[in-house]
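First up is the structure itself, then whatever we jot down about it.
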Amino acid sequence: QVEVVESGGGLVQAGGSLRLSCAASGLTFSMVDMGWFRQAPGKEREFVAAINWSGASTSYADSVKGRFTVSRDNAKNTVYLQINSLKPEDTAVYYCAATRWGRRGRVPESEGEYTYWGQGTQVTVSS
């Protein structure tokens, strides 16, 4: 019933930029928080960025602060991740996720707080 689909991944040179998109359906998009996670080969999935239901609050992992920007367009049921100054260590499968309901007060950063997940989109950064 609920579908989350990421797109926009690809092969980019170090220092370049990429814009990921995530479209969600089957839920009331404006009432849920949205998050981005990533998993590199041989590593555990980690939190990247998140944005609350209204778009008024965001959260970022320390490793991506200043380079990544998360935003959302509730009219289009879409969340975005603008990635700048890409580094080889950013290479990973990037996942988009939605909570069951939005939180008031803080943006969820834990994997367990998200209910619906996309299949992921591959981002590869070459040197």
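Using a 4.5 Å heavy-atom cutoff, the side chains of Arg67 and Tyr60 are not in contact. In this structure, the side chains of Met34 and Phe29 come closer than 4.5 Å at one or more pairs of heavy atoms. With a 4.5 Å cut-off on side-chain heavy atoms, Ser126 and Leu11 count as touching. Side-chain contact between Val12 and Thr124 is absent, with no heavy-atom pair separated by less than 4.5 Å. For the pair Phe47/Glu111, no side-chain contact is recorded, criterion being any heavy-atom separation below 4.5 Å from C-beta on. Counting heavy atoms from C-beta on, the side chains of Val70 and Val79 come closer than 4.5 Å. Here the side chains of Thr69 and Tyr80 are not in contact, with every heavy-atom distance at 4.5 Å or above. Between Trp117 and Val4 there is no side-chain heavy-atom pair separated by less than 4.5 Å.
Linking Ile, Leu, Val, Met, Phe, Trp and Tyr whenever their side-chain heavy atoms come within less than 4.5 Å puts Ile51 and Leu27 in one cluster. There is a path of hydrophobic side-chain contacts, each under 4.5 Å, that joins Val64 to Val123. When hydrophobic clusters are built by joining Ile, Leu, Val, Met, Phe, Trp and Tyr residues whose side-chain heavy atoms come closer than 4.5 Å, directly or via intermediates, Ile83 is grouped together with Trp36.
Using bins of under 30°, 30° to 60° and over 60° for the plane-to-plane angle, the ring pair Phe68/Tyr94 lands in the tilted bin.
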### Task
Check the pair Lys87, Asp90 against salt bridge (charged side-chain N to carboxylate O under 4.0 Å, His left out), reporting the backbone distance first and the verdict last.
CA-CA 5 Å; Lys87 304 175 180 179; Asp90 293 321; over 6 Å; no
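Cation-pi geometry between Arg45 and Tyr95 is satisfied (NZ or CZ under 6.0 Å from the ring centre, within 45° of the ring normal).
Taken from CG in Leu86 to OG1 in Thr91, the straight-line distance is 8.0 Å, to the nearest 0.5 Å. Rounded to the nearest 0.5 Å, atoms CG (Asn52) and OG1 (Thr99) are 9.5 Å apart. A distance of 11.0 Å separates OG of Ser59 from CG of Asp33, quoted to the nearest 0.5 Å. Atoms OG and CZ, on Ser30 and Arg72 in that order, are 7.5 Å from each other to the nearest 0.5 Å. Rounded to the nearest 0.5 angstrom, Glu6 CD and Gln122 CD are separated by 12.0 Å. The structure places CZ of Arg106 at 5.5 Å from CD of Glu113, a figure rounded to the nearest 0.5 Å.
In plain terms, the two heavy atoms of Val32 and Ala98 that are nearest each other are CG2-CB, 4.3 Å. The two residues Leu81 and Ala49 have their closest heavy-atom pair at CD1-CB, 4.1 Å.
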Enumerate donor-acceptor pairs with a distance under 3.5 Å from any side-chain N or O in residues 13-23 to protein atoms, sequence neighbours excluded.
unit_1: Ser17; atom_1: OG; unit_2: Asn84; atom_2: OD1; d: 2.9

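Summarising the local packing, CD of Gln119 is surrounded by 12 or fewer heavy atoms from other residues, nucleotides or ligands at distances under 6.0 Å.
Between the Tyr114 side chain and the Pro108 main chain, a donor and an acceptor come within less than 3.5 Å of each other. Using modelled atom types, no side-chain atom of Ser110 and backbone atom of Gly112 make a donor-acceptor pair closer than 3.5 Å.
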